[in-house]
Amino acid sequence: MPDSENRWSRRDFFKTVALSGAGSLLAPAAHLAEAADSNLQVPQRPFGNSGINVSILSLGGMFNIASNQIMLRQAMRWGVTYWDTADCYQNGSEKGIGKYFSKYPEDRQKVFLVSKADDPSPRGMSRLLDRSLDRMQTDYIDLYFVHGIYRIDEMDDSTRIWAEKAKAAGKIRLFGFSTHSNMEACMLAAARLGWIDGIMMTYNYRLMHTDRMQRAVDACVKAGIGLTAMKTQGGGSVRTDTDTELKLAGRFMQKGFSDAQAKLMAVWQNPQIASICSQMPNMSILMANTAAAMDKTELSATDRKLLQQYARETHRDYCAGCSAICQSAVGEKAPIADVMRYLMYCRSYGDRDYARAEYRKIPPEIRQRLTGIDYAAAEKKCPQKMAIARLMQEAADELG
Ligand code: SF4
């Protein structure tokens with residue numbers, strides 16, 4: 001068998017095992033059996049200076065919760081009590097949570113509930129917050145985010161006043177934003193604002209060691225801001241297949257966990273991160289991630305080095321979200337980082353429908369121009385050295 005075929009079959013084996021959760025059967029079976037016997041729960045960490053402890057694993061709500069109520073029930077049993085959703089998530093995410101709370105109202109107080117508004121204007125947030133409360137059958141949301149900011153100036157004084165009023169009315173307990181673009185700059189600026197309680201940002205083994213990200217995290221922790229990591233798998237806009245990836249998967253399998261679990265563990269090893277928000281649309285992934293959260297095994301220095309080596313080898317495949325760089329280079333409106341993220345949803349997460357739906361939200365007049373733009377200057381400035389022009393064309397072909 002040629003080496004490339006041999007590599008693919010081994011790679012597919014590891015991927016299949018990891019995706020099915022079987023790769024996590026060694027550690028999880030023991031931990032979850034133990035959990036059933038002893039009420040072992042996912043550990044908790046303080047959320048910034050809020051005085052609230054949250055589970056270190058957060059259930060991302062981008063799945064059909066209404067018809068998967070068993071997932072919420074099981075998450076509660078294992079102590080995954082930080083639940084994340086947004087007003088714009090498809091499949092009735094918020095309504096699914098409401099369905100659960102109307103059946104198990106006693107669980108509401110045990111859950112740290114997060115939702116997000118994708119309209120940051122005070123009027124928009126008021127409308128969306130009331131709708132979220134109604135959908136989720138609750139009087140309050142623990143942490144309310146402005147959804148997916150690109151720059152801190154999207155949060156101005158009117159935002160602060162709105163948040164203070166919403167808190168005074170008892171509708172929210174904490175306030176902040178989520179971001180997967182220009183995360184470090186947003187975080188550094190948020191730390192100076194003095195009224196941001198929590199941030200959910202892209203953060204993973206690829207980004208966590210950069211000076212900029214470390215400075216941003218340090219500043220937020222010093223300011224008492226609770227941090228939730230998302231996109232922790234560091235999935236790329238390009239499918240990868242490197243020898244280091246194989247070595248990683250094989251090494252972690254031998255130790256009893258999958259590479260997906262190892263990537264979570266790498267983030268948890270930083271105590272500054274309160275929680276990881278992970279999309280867990282089925283029981284296998286919930287089980288694998290819960291087991292990883294309960295596992296007290298630390299990644300060794302060699303494990304971490306291998307992850308960093310893999311990140312270096314595949315840097316051209318991963319968009320770091322620094323959209324201010326490529327955006328300013330093209331000189332016209334071109335949501336490059338967003339398109340790279342949609343490619344990631346399609347290629348790394350395997351969720352083509354969601355990726356296409358998001359891509360098609362780009363206004364048609366902008367979408368039509370995306371493949372005709374000269375991206376040469378952006379490619380030159382891109383710190384990841386991504387093939388932006390080619391990927392924008394591929395996105396149009398695959399998602400348009
Ligand atoms: S394409 Fe490059 S410059 Fe643009 S956001 Fe991604 S990594 Fe940054």
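These numbers come from the heavy atoms of this one structure, side chains and all, not from hydrogens, waters or symmetry mates. First listed ligand is number 1; within each ligand, the first listed atom is number 1. No experiment lies behind these values; they were computed from the predicted model shown.
At least one heavy atom of P383 sits closer than 4.0 Å to an atom of ligand 1.
A cation-pi arrangement is not found for R390 relative to Y375, the charged atom failing to lie both closer than 6.0 Å to the ring centre and inside a 45° cone about the ring normal.
Of all atoms in ligand 1, numbered sequentially from 1 with element shown, those under 4.0 Å from a heavy atom of S323 are 5 (S).
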| Working for side chain to side chain contact (heavy atoms under 4.5 Å, CB included), residues M76 and W83 | CA-CA 10 Å; M76 285 300 298; W83 294 358; 3.6 Å; yes
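Among all non-hydrogen protein atoms, the one lying nearest atom 8 (Fe) of ligand 1 is C322 SG, 2.3 Å. Nearest to atom 2 (Fe) of ligand 1 among the protein's heavy atoms is C382 SG, 2.4 Å.
Contact annotation: for A378 versus ligand 1, there are no heavy atoms closer than 4.0 Å.
Between H147 and Y89, the two ring planes are perpendicular [angle over 60°; tilted spans 30° to 60°]. Using a 30° and 60° split on the angle between ring planes, F175 and Y144 fall in the tilted class, from 30° to 60°. By the 30° and 60° cut-offs, the orientation of the rings of Y345 relative to Y342 is parallel.
For atom 2 (Fe) of ligand 1, the N/O/S atoms of C319 include none lying under 2.8 Å. Metal site remark for atom 4 (Fe) of ligand 1: C326 contributes an N, O or S atom at a distance under 2.8 Å.
Under a 4.0 Å N-O distance rule, the pair D353/R356 does not qualify as a salt bridge.
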